[in-house]
Amino acid sequence: MQFQNTIAFARSLDAQDPLRDYRNQFYIPKKDGEDTIYLCGNSLGLQPKATRDYLEVELKAWEDFGVEGHFMGTNPWMYYHKMFAEPTARLVGALPTEVVVMNNLSVNLNLMLVSFYKPTKQRYKIMIEGGAFPSDYYAVEQQLKFHGFGVDDIIELTPKEGEYNLRTADIIAEINKHADSLALVMLGGVNYYTGQAFEMAEITVAAHKVGALAGYDLAHAAGNLHMHLHDWNVDFAVWCTYKYLNSGPGGTSGVFVHERWCNDATLPRFAGWWGHDEASRFQMKKGFIPMQGAQGWQMSNAQILPMAAHKASLDIFDKAGIENLRSKSDLLTAYCEFLLREKEGEFTIITPKEIKHRGAQLSLLMGENGRQIFDRLTSKGVIADWREPNVIRIAPVPLYNTFEDVYRFAEIVHNA
Ligand SMILES: *Cc1c(COP(=O)(O)O)cnc(C)c1O
């Protein structure tokens, strides 16, 4: 498509956008009575207007039934988490038995490392991206220490001199270089800083070829990329639901465990009663028998209130369809990039240009006046995010951002 740098063109794209009405299903934060240009959905997604009603249903069930709410009301809490299996599977490209919603992201990452980092004397290294999100680094670091290894056993991937992103061929070469000692490749689906989307299918194949496993932190990929975790043979994945998935601050988290591991009782795992075989759970007997599927990794009973907020959002995703969202997202981000490129020189877009290497996010490496431009954006009603030392991250989100949003954003950048 031949883009044009005019408000009329931006508005014509909005008029043709089949998903344009979804914006009305969200609260857009205001500044001085006007809608802000909210480009921070990669950090905290906006609140669906329906969320309050979903919460209200569970508050009312608690009010009306007390403990009996586990079995009574619209969505008996006893089975609440099961409602997520189908829509979550559609969202990430999994079988319903391969996914479960529980806990929070960093907790789940630690739980997955317990099961999927099984070092031996020969094979014990973990590969991560250099500059990984700190939580991920800490989890890996502590897991290594727990097994008697150390940070020297972390292989950190870094871009070639003068480049910002990792090349898939280089990642694979690094996997091959450590073929005999590599236990696990653990990358973000999309790097939180650069916005680079990793080629999970290819990387997973390469990891498996040398006898290692591959897991992904999809914090910035879930609700953003169109994924096929099952077909890609990913061993495990975890994600949070408050970024692109709009499930509210501190919201619950999702987990994927590939079918081939789902019922493997030899995997080490931490346990709690909610992962125990449902049929005998309330017999309160000794001896852990895991449930079949990813549900067998649950520990605690479901957090109904955050999960109600998650359900409100997931129902919207299921209706809109991640494939459709992704199509719009490609166009929206490409348009934003087109508008920004005209001003490149004052900053560098460090997010890859190719659509298969990125999602909704663009990261702008700023020059000397970076902080000034950011402050101006803020004063003009743009909500974006500043990452030290010098990066502005923006994420035009297909569910609620418009082409006019990105036009107006770029206009403010250009006039800064
Ligand atoms: C947002 C994010 C987290 C946050 O973890 P929580 O447990 O939800 O606080 C962790 N890892 C990555 C890669 C993230 O982007």
Side-chain angles (χ1 to χ4, degrees), residues 39-46 84 88 91-92 99-114 116-117 126-143 154 156-157 165-166 171 184-198 200 203 214-225 227 229 234 236-256 270 297-300 303 305-307 309-310 313-314 350-351 358-363 383-388 391-395 397:
L39 298 175
C40 243
N42 58 335
S43 199
L44 185 73
L46 292 181
F84 296 122
T88 302
L91 185 74
V92 299
V99 291
V100 66
V101 170
M102 61 184 190
N103 308 320
N104 288 72
L105 169 57
S106 301
V107 173
N108 287 337
L109 177 57
N110 277 283
L111 294 180
M112 289 297 107
L113 289 174
V114 165
F116 293 100
Y117 177 57
I126 303 181
M127 179 176 289
I128 63 173
E129 66 235 81
F133 195 89
S135 208
D136 299 34
Y137 186 90
Y138 302 149
V140 164
E141 170 196 274
Q142 292 304 309
Q143 196 63 214
I154 302 178
E156 289 192 64
L157 299 164
N165 299 116
L166 294 164
I171 299 174
L184 178 66
V185 177
M186 220 296 293
L187 301 179
V190 173
N191 180 270
Y192 81 100
Y193 191 73
T194 63
Q196 178 179 13
F198 293 112
M200 292 182 250
I203 294 167
Y216 298 92
D217 182 333
L218 305 178
H220 286 266
N224 177 17
L225 303 185
M227 298 182 285
L229 298 181
V234 163
F236 71 88
V238 290
W239 57 93
C240 57
T241 65
Y242 51 81
K243 291 173 179 164
Y244 291 98
L245 288 175
N246 310 321
S247 300
T252 185
S253 159
V255 171
F256 166 87
F270 288 171
W297 270 265
Q298 293 174 109
M299 299 177 82
S300 297
Q303 306 133 290
L305 297 178
M307 285 187 180
H310 184 44
S313 170
L314 214 50
I350 60 173
T351 307
R358 74 177 183 205
Q361 176 182 329
L362 292 177
S363 298
I383 302 184
D385 133 319
W386 176 264
R387 284 286 126 152
E388 294 298 339
V391 162
I392 295 176
R393 296 186 310 172
I394 53 153
V397 167

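For ligands, and for the atoms within them, numbers begin at 1 and follow the listed sequence.
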Note, W239 side chain near T88 side chain (heavy atom, < 4.5 Å)
yes
Side-chain touch N103/W297, heavy atoms, less than 4.5 angstrom:
no
Do the side chains of Y216 and I203 get nearer than 4.5 Å, heavy atoms only?
yes
State, with a plain yes or no, whether a side-chain heavy atom of Q361 is found less than 4.5 Å away from one of R393.
yes
Nearest non-hydrogen protein atom to atom 14 (C) of ligand 1, with distance, is K243 NZ, 2.8 Å
Is there at least one pair of N or O atoms, one from S135 and one from ligand 1, spaced under 3.5 Å apart?
no
At a non-hydrogen distance cut-off of under 4.0 Å, which region of D217 contacts ligand 1 (side chain, backbone, both, or neither)?
side chain
Just to confirm my output: which protein heavy-atom neighbour is closest to atom 7 (O) of ligand 1, and how far is it?
S106 OG, 2.7 Å
If you look only at distance, which donor and acceptor atoms sit under 3.5 Å apart when one is on a side chain in residues 133-140 and the other is two or more places apart or in another chain?
unit_1 : atom_1 : unit_2 : atom_2 : d
S135   : OG     : S106   : OG     : 2.5

So which of Y138, Y192, F133 gets nearest to atom 3 (C) of ligand 1, if we judge by its closest heavy atom?
F133
As an exercise, identify every atom of ligand 1 less than 4.0 angstrom from a heavy atom of Y242.
1 (C), 4 (C), 5 (O), 6 (P), 8 (O), 9 (O)
Just wondering, do M112 and F256 contact through their side chains at under 4.5 Å, heavy atoms?
no
Give the residue, atom name and distance (to 0.1 Å) of the protein heavy atom nearest atom 11 (N) of ligand 1.
D136 OD1, 2.8 Å
Residue H220 vicinity, atoms of ligand 1 by number, heavy atom under 4.0 Å
15 (O)
